[in-house]
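Proteins get letters first, then strands, A, B, ... in listed order; numbering begins at 1 in each.
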Number of protein chains: 2
Amino acid sequence: MGRITIKDIAKLLEVNPSTVSRALKDHPDISVSMKEKIQQVAKDLGYQPNYQAIRFRQNKSGLIGLIIPEMGMFFFPAVVKAIEEIVKKNGYNLIILQSNDLLEKEKENALVCQNFGLDGLLVCLSKETMDVGHFTETIQRKMPIVFFDKVIQQKECSTVVINDELAAITAINHLARKGYKKISGIFGNQNLEITQSRKKGFLKALTKHRLLHYGEFCFHADTLEESKRKFAELLEQSVLPDAVFTMTDQTLAGVIQAIYEKGLSIPEELAVICISNGNLPYYLNPQITHIRHSGYAVGKTAVELLFDLMNDKVVVSNNQLELETFLVELDSC
Amino acid sequence: MGRITIKDIAKLLEVNPSTVSRALKDHPDISVSMKEKIQQVAKDLGYQPNYQAIRFRQNKSGLIGLIIPEMGMFFFPAVVKAIEEIVKKNGYNLIILQSNDLLEKEKENALVCQNFGLDGLLVCLSKETMDVGHFTETIQRKMPIVFFDKVIQQKECSTVVINDELAAITAINHLARKGYKKISGIFGNQNLEITQSRKKGFLKALTKHRLLHYGEFCFHADTLEESKRKFAELLEQSVLPDAVFTMTDQTLAGVIQAIYEKGLSIPEELAVICISNGNLPYYLNPQITHIRHSGYAVGKTAVELLFDLMNDKVVVSNNQLELETFLVELDSC
DNA sequence: ATCGTTTGCGCAAACGATTGCGGAAAATAC
DNA sequence: GTATTTTCCGCAATCGTTTGCGCAAACGAT
């Protein structure tokens with residue numbers, strides 16, 4: 001015999017399946033003696049409810065979806081770790097979908113989510129995404145969504161982000177306080193709001209400290225390799241920066257490789273600061289001063305907000321959370 | 001009106017739902033004219049099949065499960081990336097479960113997989129796991145399983161691993177060839193087969209090169225912090241190693257921190273080699289010579305084997321694959 | 001014209017669990 | 001002793017889709 005079903009138990013005890021169903025969930029309509037009998041048999045036979053059937057009937061999937069651009073080595077592992085833990089704690093499970101930073105794949109993923117009847121969705125947008133219509137139009141009526149990290153701010157959307165502008169300002173303030181003047185800024189993809197905000201903060205802080213004339217030390221890089229290559233080129237010029245700010249771990253990794261290859265000493269010849277999840281900076285020599293942007297905290301906050309939405313616990317309509325960041329001062333500046 | 005179902009289309013066209021179902025999947029029993037009519041209406045109404053219902057009826061979940069100890073920063077992100085890509089390419093989706101290296105949670109996860117009716121399962125065992133009964137007894141009759149990386153070799157199990165012993169031997173041979181003699185070995189959790197195999201290879205190679213009398217430079221460490229602390233202690237002793245081998249990125253990260261803090265120069269005062277996924281070694285200064293153990297390749301191979309099992313494509317009963325590793329010589333030795 | 005085959009579609013059961021309703025038996029009330 | 005309530009369980013429909021079977025009508029062959 002294959003899997004034990006409610007029908008099997010019912011047949012064995014010569015009762016109706018509905019009685020078994022109610023007995024197993026302690027329904028008051030069933031007598032104590034009958035409950036005990038049924039629960040005993042269920043236990044003996046090793047009955048396991050068919051959740052597939054339950055979810056089908058209740059039109060619940062028991063699943064939370066997570067769409068991310070790509071599982072890299074820095075930020076998203078921490079996000080995923082947090083989300084998986086909390087999703088499981090709430091009795092759900094986690095489905096992961098990668099968009100590979102392609103709008104097309106993101107749309108496909110949105111469809112998959114819809115067809116799976118996911119109970120909730122967490123999204124970090126691809127760099128190609130310019131609006132979130134493919135999520136809101138079709139899905140959001142019944143499926144709560146929380147956007148995090150790479151988001152597009154709209155008033156109907158729940159989001160979890162950090163104050164990107166402030167994070168960059170904090171970094172530059174630190175450099176300025178330490179006396180660095182020729183500050184280079186390395187940024188990610190231009191389309192992203194986080195890039196724009198961090199760059200805005202960067203420029204704002206430079207302006208405040210009257211250092212803006214060194215703005216030519218800035219560039220954008222989508223990949224680690226591009227970051228490395230461009231920074232290596234920058235280091236070949238006649239006028240060199242005395243400090244560099246990178247807006248992510250990924251750009252940091254590229255910049256660091258270029259610095260090592262050039263043989264510059266940190267911080268004597270070049271100071272370094274970045275916004276980071278908080279792992280890589282500790283592995284490097286010297287350790288890198290950074291603004292802590294914890295993927296774990298972002299993931300945790302996003303998924304907790306999602307469950308609040310799912311349980312209608314959120315009174316406020318404007319669910320746009322902003323996490324705190326803080327400076328971790330190490331040896332690189 | 002909510003979601004469009006087959007019944008809705010049937011009612012609209014005054015035909016039977018079964019006709020609609022067959023027409024939509026191009027069944028030969030349905031006339032061409034009827035097919036066209038039905039498919040047109042389905043399109044107009046924006047019909048989306050309820051996969052939940054389909055999977056329920058067919059007793060298929062469309063899901064592949066992945067159980068890992070913990071999403072760290074080094075190996076598993078690459079594994080997950082590969083698996084997600086291939087799973088999706090085959091029309092499935094991926095559920096991720098973390099065991100946190102706890103046998104209890106691993107058992108819970110196995111139950112979840114069962115109840116979800118997953119179509120296939122990929123497992124990297126926790127360090128507490130001593131046998132795989134909680135998988136094989138209950139699940140494997142209907143759900144193919146592939147164990148990878150941290151496995152327990154049994155003849156009924158499909159596994160994907162590397163030749164751990166050979167990887168360690170390759171590393172030590174390289175050190176010996178370069179003239180290093182006092183070789184320290186840093187290993188992960190003792191229970192794991194990968195640890196035992198790598199240590200075995202380490203000792204075997206040391207023996208071959210008549211360097212075994214330096215065996216006191218070895219220890220085990222479960223975490224990055226433990227690795228750092230113990231190696232820092234080791235560096236306080238009177239006799240120091242001239243080279244260190246770490247069996248993972250995680251132990252490498254700890255060892256590197258201890259080396260940096262002590263201010264030793266690599267490779268002049270201390271050579272370094274490791275088995276690595278191939279990211280971290282490039283971020284360090286100098287870059288670390290390593291035996292490449294690609295998480296992406298492991299994940300890809302494991303999930304491809306899984307699909308072969310699911311499609312009964314595997315003729316051989318003994319599905320124990322061993323991936324190639326190779327030496328990447330950089331600056332640390 | 002008769003018989004056999006193909007074509008095209010409907011009927012109804014099934015997957016496993018849930019739930020509103022109804023009703024017989026038991027318990028309580030008067 | 002009758003009326004009313006409570007207790008306890010069964011009946012049957014339901015979720016959306018699939019599928020074996022049956023059966024008319026149309027077609028083809030002789």
Side-chain angles (χ1 to χ4, degrees), chain A residues 1-43 45-63 91 114-119 142, chain B residues 1-42 45-63 91 114-119 142-143:
Chain A
M1 176 123 130
R3 195 193 181 108
I4 305 297
T5 71
I6 280 192
K7 290 182 187 173
D8 298 327
I9 300 176
K11 219 166 285 173
L12 191 73
L13 289 173
E14 294 177 324
V15 296
N16 193 279
S18 60
T19 305
V20 177
S21 173
R22 284 187 253 254
L24 290 177
K25 51 176 44 175
D26 211 30
H27 192 285
D29 266 10
I30 308 299
S31 68
V32 177
S33 62
M34 179 64 86
K35 277 180 192 167
E36 284 172 350
K37 219 175 2 174
I38 290 177
Q39 286 167 356
Q40 185 59 47
V41 171
K43 196 173 169 186
L45 265 55
Y47 168 73
Q48 294 275 354
N50 183 330
Y51 286 94
Q52 192 121 322
I54 295 175
R55 286 187 296 257
F56 163 58
R57 188 173 196 284
Q58 318 222 334
N59 206 20
K60 292 268 155 63
S61 66
L63 294 172
Q114 197 182 180
N115 289 335
F116 256 92
L118 299 188
D119 298 330
K142 300 173 60 187
Chain B
M1 177 122 129
R3 195 193 181 108
I4 306 296
T5 72
I6 282 191
K7 289 183 188 174
D8 298 327
I9 300 177
K11 219 168 285 175
L12 191 73
L13 288 173
E14 294 177 323
V15 297
N16 194 279
S18 60
T19 304
V20 177
S21 173
R22 284 188 254 252
L24 290 177
K25 51 176 45 173
D26 212 30
H27 193 285
D29 266 10
I30 307 298
S31 68
V32 177
S33 62
M34 179 65 88
K35 275 181 194 167
E36 284 171 351
K37 218 173 5 170
I38 289 177
Q39 285 167 357
Q40 187 57 47
V41 171
L45 266 54
Y47 168 73
Q48 293 276 354
N50 183 330
Y51 286 95
Q52 192 123 321
I54 295 175
R55 287 188 297 258
F56 162 59
R57 189 174 195 283
Q58 318 223 337
N59 206 18
K60 293 269 155 62
S61 66
L63 294 172
Q114 199 182 176
N115 290 335
F116 256 92
L118 299 188
D119 298 330
K142 300 174 59 188
M143 188 189 308

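Across all strands shown, B:Ser18 has heavy atoms under 4.0 Å from base atoms, whether or not it also approaches the sugar-phosphate. Counting non-hydrogen atoms under 4.0 angstrom, A:Tyr51 reaches nothing in the nucleic acid. Within 4.0 Å (heavy atoms only), B:Lys7 reaches at least one base atom of the nucleic acid. In this structure, A:Asn50 reaches the sugar-phosphate backbone alone: every heavy-atom distance under 4.0 Å involves primed, P, OP1 or OP2 atoms, never a base.
A cation-pi arrangement is found for A:Arg55 relative to B:Phe116, the charged atom lying closer than 6.0 Å to the ring centre and inside a 45° cone about the ring normal.
Of the possible polar contacts, one joining the A:Arg3 side chain to the A:Pro49 backbone as a donor-acceptor pair under 3.5 Å is found. A:Gln39 places a side-chain N or O within donor-acceptor distance of the main-chain N or O of A:Ala23, the cut-off being under 3.5 Å. Although no hydrogens or angles enter the test, the distance criterion places no donor-acceptor pair under 3.5 Å between the side chain of A:Gln48 and the main chain of A:Ile4. When atom types are taken as modelled, the side chain of A:Asp119 and the backbone of A:Lys60 share no donor-acceptor pair closer than 3.5 angstrom.
As the counterpart of D:dT30, C:dA1 is assigned, both hydrogen-bonding distances of the Watson-Crick or G-U wobble pattern falling under 3.5 Å.
The residue among B:Pro17 and A:Val20 whose nearest nucleotide of DNA chain D lies closer to the 5′ end is A:Val20. Comparing B:Arg57 and A:Arg22 by the nucleotide of DNA chain D that holds the closest heavy atom to each, the one mapping nearer the 5' end is A:Arg22.
A sub-4.0 Å separation between OP1 or OP2 of C:dG16 and a side-chain N or O of A:Tyr47 is absent.
If you walk DNA chain D from 5' to 3' and mark each nucleotide with an atom closer than 4.0 Å to a heavy atom of chain A, the marks span D:dC8 to D:dG16.
Remark: C1' of C:dA17 and CD of A:Gln58 are 8 Å apart, rounded to the nearest angstrom. Computed from coordinates, the A:Leu24 CG to C:dG16 P distance equals 16 Å when rounded to whole Å. When the C1' atom of C:dA17 is taken as reference, atom CD1 of A:Ile38 falls 14 Å away, rounded to whole Å. For the pair A:Lys25 NZ and C:dA17 C1', the computed distance is 8 Å after rounding to whole Å.
The two residues A:Val20 and A:Ile9 make their nearest non-hydrogen contact at CG1-CG2, 4.0 Å.
Legend: residues meeting side chain to side chain donor-acceptor pair (under 3.5 Å) with A:Ser18, ordered by chain and number and at least two apart, are A:Asn16.
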